[in-house]
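Report on one structure; see the data block that follows.
Just so we're clear, the structure is a prediction, and the values are computed from it rather than from any experiment. Whatever order the structure lists ligands and atoms in, that order sets their numbers, starting from 1.
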Amino acid sequence: MPVIAIIGAQWGDEGKGKIVDLLAEKARVVVRFSGGDNAGHTVINHYGEFGLHLVPSGIFYPGVTCIIGNGVAINPAVLIGETAQLNQKGVDTSSLFISDRAHLIMPYHILLDGLEEQSRGGKAIGTTRKGIGPAFTDKTARLGIRVGDLLDREAFLERLRPILEYKNTILTKIYGADPLSLDEIYRQYCQYGEHLAPLIRETTVMLARALDRNELVMLEGAQGTLLDPDFGTYPYTTSSSPLAGGGCLGAGLGPTRIDRVLGVFKAYCTRVGSGPMPTELLDTTGGLIRERAHEYGTTTGRARRCGWFDGVAARFSTQVNGLTSIAITRLDVLDTLPQLKICVGYKLEGQTIDYFPGSITSLDRCQPIYEELPGWQSPTSDIRDYEKLPAQAKQYIARLEELTSCPVSIISVGARREETIHKAPIL
Ligand code: GDP
Ligand code: IMO
Ligand code: MG
């Protein structure tokens, strides 16, 4: 049985939650490996509609062990609230575990995220303000506090005291903000620790055991490839790696263990937050897509920027993730459009280029070169068999396969679990 990484291949919100919820039926373990509650994964199934921020989207299957891996930054209040909500709707969360190595989002991370964004003025990144950037900065700077630290109260206090002193100096001296109380944070986080203690595990052992038993393991990506700090539109990125490679580090398994990498793409592009997006549509078509697809963020409610499918970015994403197949979501959103465009190259300073530039100053100057395809102008949401899709829709999918040199295995034609076409096997 293989390990499958399911990752976002654009700027996030591709529909990873739907795809993981769909495929997890066959899995024994599902692991979230990056990000934190900046993620918002929508799942619609017989339990209802959910916007999951931290809990893996495999949680709806009682036999599936769900792990929040070491690569995730956890806001304990959000996690406790999310499990309570799931329980309220009848979802059993007793097979949810969290890595003792995962870092904690602390109150100063959230405060600093907001203050740093304010200080960026017109150059703000448009973060979710969940404290993600400051938490991963602390991880790298060796100033982080980890989930496992909550299990030893004395050691936790000893760790928190000097870190908070340092954070309070930054808050008061640089930003003129009020200092945070050691006592309050300590008491609050001890309570969280008590609550979460039964879930905390050395999760790499759980994963290794599953692999030894040849069980199907799924790695659930958060964010998207073009938000990766290395390969995304830096500095307009997030702070942990959403790539398949990030899955090895954030779950705790070697690269040789990942057998399949399924990249999730929307049939067009969206982005929330600032930074370059070559195919962004600022006209009525962009607005039409946004309203038809209700493109508003699951986490922050912000309007998503919409645009045509970017074949150059998609090829790049396929390459840096080593995609073995593709899931195309939201094909139904394009049902009404008479003409569709796909970006097949960029024009940069009079030259045609076919690669995704590393520098945003170059990317900002890139003009998309479009190819036009006819729309199908008929509803697709009730179709379950690939052969029954309109010819123009099949032509559109075939062109995406050509541009990425990667086969499409899944086509999603609606938000619900069952609104799916299986075109080819993933395995
Ligand atoms: P994620 O962060 O990648 O899990 O994606 P989000 O949940 O943030 O955003 C994807 C949105 O698209 C959600 O509102 C989903 O319910 C919705 N969705 C997923 N697949 C489809 C689809 O095939 N068609 C339509 N119309 N909506 C979809
Ligand atoms: P899912 O998992 C879409 C974006 C933010 C911002 C940038 C940095 O639902 O696909 P951060 O809070 O991470 O420091 O913000 O990254 N961003 C996302 N956009 N989907 C997400 O997650 C995102 N997580 C972060 O909008 O532009
Ligand atoms: Mg999302």
Side-chain angles (χ1 to χ4, degrees), residues 6-22 32-45 49-54 56-57 72-73 75 105 109-110 112-114 116-117 120 124-137 220-229 232-240 242 263-277 289 292-305 327-335 379-381 383 410-421:
I6 298 171
I7 59 103
Q10 295 162 317
W11 279 284
D13 301 329
E14 299 89 348
K16 299 173 292 292
K18 153 152 186 184
I19 299 297
V20 173
D21 171 64
L22 170 77
R32 263 284 306 269
F33 64 78
S34 67
D37 64 309
N38 49 350
H41 295 183
T42 311
V43 172
I44 305 177
N45 58 28
E49 177 164 350
F50 301 85
L52 299 174
H53 300 293
L54 283 165
S57 304
V72 178
N75 179 330
I105 302 233
H109 292 139
I110 298 168
L112 286 167
D113 198 353
E116 287 168 9
E117 275 288 85
R120 288 182 191 116
I125 292 162
T127 74
T128 57
R129 300 193 178 215
K130 304 290 181 188
I132 303 297
F136 282 106
T137 302
E220 176 177 353
Q223 289 77 57
T225 301
L226 305 174
L227 290 171
D228 180 79
T233 51
Y234 189 84
Y236 296 95
T237 57
T238 190
S239 302
S240 65
V264 187
F265 290 86
K266 273 180 193 170
Y268 49 95
C269 273
T270 64
R271 171 166 203 167
V272 56
S274 318
M277 179 184 174
I289 294 177
R292 177 164 162 78
H294 195 73
E295 288 288 5
Y296 293 90
T298 312
T299 300
T300 58
R302 289 178 292 172
R304 294 176 184 147
R305 300 155 63 191
I328 298 288
T329 64
R330 293 197 157 216
L331 187 76
D332 55 296
V333 169
L334 304 181
D335 283 353
T380 53
S381 282
I383 298 176
I410 292 176
I411 299 163
S412 173
V413 288
R416 302 179 161 279
R417 195 190 271 177
E418 63 277 9
E419 289 172 322
T420 308
I421 298 169

Close N or O approach (Gly17, ligand 1; < 3.5 Å): yes

Close approach, Gly8 and ligand 1, non-hydrogen under 4.0 angstrom: no

Among Gln223, Lys266, Arg304, side-chain hydrogen bond (donor to acceptor under 3.5 Å, both in side chains) partner for Asp13: Arg304

Heteroatom proximity flag, Arg330 to ligand 1, N/O under 3.5 Å: yes

Shortest non-hydrogen contact from Ser240 toward Gly35: OG-N, 2.9 Å

Ligand 1 contact on Val264 by region, counting heavy-atom pairs under 4.0 Å: neither

Ile125 side, atom CD1; Ser239 side, atom OG - distance, nearest 0.5 Å: 7.5 Å

Numbering as shown, the atoms of ligand 1 that approach Gly414 to under 4.0 Å (heavy-atom distance): 20 (N), 21 (C), 22 (C), 23 (O), 24 (N), 25 (C)

Distance, nearest 0.5 Å, that separates CG of Asp37 from CD1 of Ile132: 5.5 Å

Enclosure of Arg416 CZ (heavy-atom neighbours >12, cutoff 6.0 Å): no

Where ligand 1 meets Glu14 - atom numbers and elements under 4.0 angstrom, heavy-atom basis: 3 (O), 5 (O)

Distance (rounded to the nearest 0.5 Å) between His53 NE2 and Thr128 OG1: 10.0 Å

Test log, rule side-chain hydrogen bond (donor to acceptor under 3.5 Å, both in side chains), inputs Lys18 and Thr329: CA-CA 9 Å; Lys18 153 152 186 184; Thr329 64; over 6 Å; no

Spatial distance of atom CD (Glu419) from atom CG (Leu22) [nearest 0.5 Å]: 11.5 Å

Heteroatom count (protein N, O or S) under 2.8 Å of the Mg ion (ligand 3): 2

Side-chain donor/acceptor of Glu117 to backbone N/O of Gly126, under 3.5 Å: yes

Whether over 12 other heavy atoms sit under 6.0 Å from Tyr296 OH: yes

Backbone of Val272 reached by a side-chain donor or acceptor of Arg302 within 3.5 Å: no

Ala124 backbone acceptor or donor facing Ser274 side chain under 3.5 Å: yes

side-chain hydrogen bond (donor to acceptor under 3.5 Å, both in side chains) partner of Glu220, the single match among Arg32, Lys16, His41: His41

Close N or O approach (Gly12, ligand 1; < 3.5 Å): no

Distance-minimising heavy-atom pair for Leu227 and Pro242: C-CG, 4.4 Å

Top protein contact for atom 2 (O) of ligand 1, by heavy-atom distance: Gly40 O, 2.8 Å

Identity and distance of the protein heavy atom lying nearest atom 23 (O) of ligand 1: Ser412 OG, 2.5 Å

Subset of ligand 1 atoms that lie under 4.0 Å from at least one heavy atom of Ala415: 16 (O), 18 (N), 21 (C), 22 (C), 24 (N), 25 (C), 27 (N), 28 (C)

Side-chain donor or acceptor of Arg305 paired with backbone N/O of Gly273 under 3.5 Å: yes

Closest protein heavy atom to atom 24 (N) of ligand 1, given as residue, atom name and distance to 0.1 Å: Asp332 OD1, 2.8 Å

Polar side-chain atom of Glu295 near backbone of Ile289 as donor-acceptor pair, under 3.5 Å: no

Residue and atom name of the nearest protein heavy atom (relative to atom 15 (C) of ligand 1), distance in Å to one decimal: Thr42 CB, 3.8 Å

Value rounded to 0.5 Å, distance of CD1 in Ile411 from CD1 in Ile383: 10.0 Å

Short N or O distance, Gly15 and ligand 1, threshold 3.5 Å exclusive: yes

Protein residues that have a heavy atom under 4.0 Å from any atom of ligand 2, sorted by chain and number: Trp11, Gly12, Asp13, Lys16, Asn38, Ala39, Gly40, His41, Ile125, Gly126, Thr127, Thr128, Ala222, Gln223, Leu227, Thr237, Thr238, Val272, Gly273, Arg302

Which segment of Arg304 sits under 4.0 Å of ligand 1 when only heavy atoms are counted: side chain

Atom 10 (C) of ligand 1 [closest protein heavy-atom partner, distance rounded to 0.1 Å]: Asp13 O, 3.6 Å

